[in-house]
Amino acid sequence: MAGALAAQPVQLKFHSTTRAYGSRLNELTLVTGDRPMLFASMAGALSAWGMDIVTADAFSNAEGIVVDSYHFNDRFKTLELNPSEHDRFIASIRDVLTGVMPLEQLLAARSRSNRSRVIRVVTETQITWDKTSSSHSTVLQVVAQDAPGLLRAVTATLATSGCNIEVALIDTEGDTAIDVFYLTRNGLKLSDEECTALEEALSKAIADNLAEASS
């Protein structure tokens with residue numbers, strides 16, 4: 001995939017597997033050049049299609065090449081029941097990542113039917129920092145109520161705050177999202193003041209997204 005970037009700057013590979021108990025899990029791998037809002041755009045595009053991200057891993061190397069892997073459930077079985085939609089699904093995500101289609105256009109076209117969701121366990125938002133475990137990054141952990149658009153809300157806030165996501169580890173357990181980010185700003189760890197400001201912005205973004213998803 002990395003070798004094909006010269007011909008197509010956004011490389012996407014999609015496949016779906018049936019698990020032992022019959023449910024399906026989808027995986028989408030992205031290889032492309034790093035740039036601001038990339039993770040947030042990807043999360044937003046998947047959310048627009050009604051996909052629930054179960055886990056995600058994001059890494060970048062010194063050459064600025066990103067390798068992201070997303071595992072997600074197809075909440076409405078759109079891709080499972082309509083194999084012909086696979087190509088359109090991939091094409092729309094590529095269009096968002098290349099700027100051909102604004103993410104807001106995709107969200108507006110698909111989001112209204114994606115909001116209904118029953119919350120069984122209420123999770124209070126917890127934002128914690130670890131400034132010692134990594135020699136090069138500040139580690140952020142966000143535990144929050146899982147909701148459509150949550151990952152995009154969090155990663156968009158990180159991007160607009162000038163943070164670079166060096167590594168992202170995303171996990172969902174039932175109605176609880178547990179997201180870990182290794183962050184830098186201008187190649188350095190975040191200061192105490194930057195962490196405080198970012199925590200306030202994240203708390204507001206999470207609360208606003210939950211309110212929107214519940215409306």
Side-chain angles (χ1 to χ4, degrees), residues 10 12 14 25-30 32 34-60 66-76 78-79 89 92-93 96-97 102-104 106-108 110-111 114-117 119 121-129 137 139-183 198-199 201-215:
V10 174
L12 294 165
F14 169 78
L25 185 66
N26 304 285
E27 180 179 4
L28 187 62
T29 301
L30 164 69
T32 189
D34 196 9
R35 52 190 177 275
M37 295 293 291
L38 177 63
F39 201 100
S41 297
M42 189 68 179
L46 289 173
S47 178
W49 274 84
M51 306 302 170
D52 289 328
I53 298 173
V54 180
T55 62
D57 302 296
F59 303 95
S60 61
V66 168
V67 180
D68 293 355
S69 178
Y70 302 82
H71 292 86
F72 53 92
N73 292 320
D74 185 351
R75 194 186 321 157
F76 303 107
T78 303
L79 302 179
F89 170 66
S92 69
I93 291 177
V96 167
L97 298 184
L103 175 58
E104 290 70 20
L106 182 62
L107 287 166
R110 307 192 66 94
S111 64
N114 291 341
R115 291 184 179 177
S116 58
R117 182 172 184 161
I119 296 176
V121 177
V122 176
T123 303
E124 296 294 330
T125 299
Q126 301 174 43
I127 298 173
T128 56
W129 303 92
S137 302
V139 182
L140 163 68
Q141 178 174 273
V142 178
V143 179
Q145 186 77 57
D146 189 33
L150 172 64
L151 186 56
R152 177 179 181 257
V154 170
T155 52
T157 302
L158 297 178
T160 55
S161 297
C163 294
N164 189 61
I165 301 173
E166 305 293 344
V167 178
L169 305 170
I170 310 302
D171 196 11
T172 304
E173 298 179 3
D175 291 322
T176 302
I178 305 170
D179 302 342
V180 177
F181 303 94
Y182 286 66
L183 304 176
L198 183 54
E199 185 168 336
L202 284 169
S203 296
K204 183 178 186 304
I206 293 168
D208 290 348
N209 181 75
L210 184 58
E212 181 180 355
S214 302
S215 62

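When a residue number appears, it is its place in the shown sequence, counting from 1. Since the model is a prediction, treat every value here as computed from it, not as a measurement.
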Between [Y] and [X], is there a side-chain heavy-atom distance shorter than 4.5 Å?
X	Y	answer
Gln145	Thr176	no
Ile127	Ser203	yes
Leu30	Ile93	no
Val142	Leu150	no
Val54	Leu25	yes
Trp129	Leu140	yes
Met42	Leu12	yes
Val167	Ser137	no

Can you give me the closest heavy-atom contact between [X] and [Y], atom names plus distance?
X	Y	value
Arg75	Met51	NH2-O, 4.4 Å
Asp146	Gly174	OD2-O, 4.4 Å
Ala147	Asn209	CB-ND2, 4.1 Å
Gly149	Ser47	N-OG, 3.2 Å
Ala159	Met37	CB-SD, 3.2 Å
Ile206	Ala144	CG2-CB, 4.1 Å

Mind checking the [atom1]-[atom2] spacing from [X] to [Y]? Nearest 0.5 Å is all I need.
X	Y	atom1	atom2	answer
Leu169	Asp57	CG	CG	6.0 Å
His71	Asp52	NE2	CG	15.0 Å
Cys163	Leu183	SG	CG	5.0 Å
Leu151	Ile170	CG	CD1	5.0 Å

Phe39/Tyr70 aromatic ring centres below 6.0 Å: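 Yes.
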Verdict with reasoning, Trp49 to Ser92, per side chain to side chain contact (heavy atoms under 4.5 Å, CB included): CA-CA 10 Å; Trp49 274 84; Ser92 69; 2.9 Å; yes
Arg152 vs Leu103, side chain to side chain contact (heavy atoms under 4.5 Å, CB included): CA-CA, chis, key distance, verdict: CA-CA 11 Å; Arg152 177 179 181 257; Leu103 175 58; 2.9 Å; yes
Aromatic plane relationship, Phe89 with Phe72 - under 30° parallel, 30 to 60° tilted, over 60° perpendicular: tilted
Single hit among Asp171, Thr172, Ile178 for side-chain contact (heavy atoms from CB on, under 4.5 Å) with Thr55: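 Single side-chain contact (heavy atoms from CB on, under 4.5 Å) partner of Thr55 among Asp171, Thr172, Ile178: Asp171.
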Lys204/Thr157 under side chain to side chain contact (heavy atoms under 4.5 Å, CB included): CA gap, chis, key distance, verdict: CA-CA 10 Å; Lys204 183 178 186 304; Thr157 302; over 6 Å; no
Side chain to side chain contact (heavy atoms under 4.5 Å, CB included) evaluation trace for Leu46 with Leu28: CA-CA 10 Å; Leu46 289 173; Leu28 187 62; 4.3 Å; yes
Inter- and intrachain pairs under salt bridge (Lys or Arg N to Asp or Glu O under 4.0 Å), touching residues 159-168, at least two apart: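 For residues 159-168, and leaving out neighbouring residues, there are no salt bridge (Lys or Arg N to Asp or Glu O under 4.0 Å) pairs at all.
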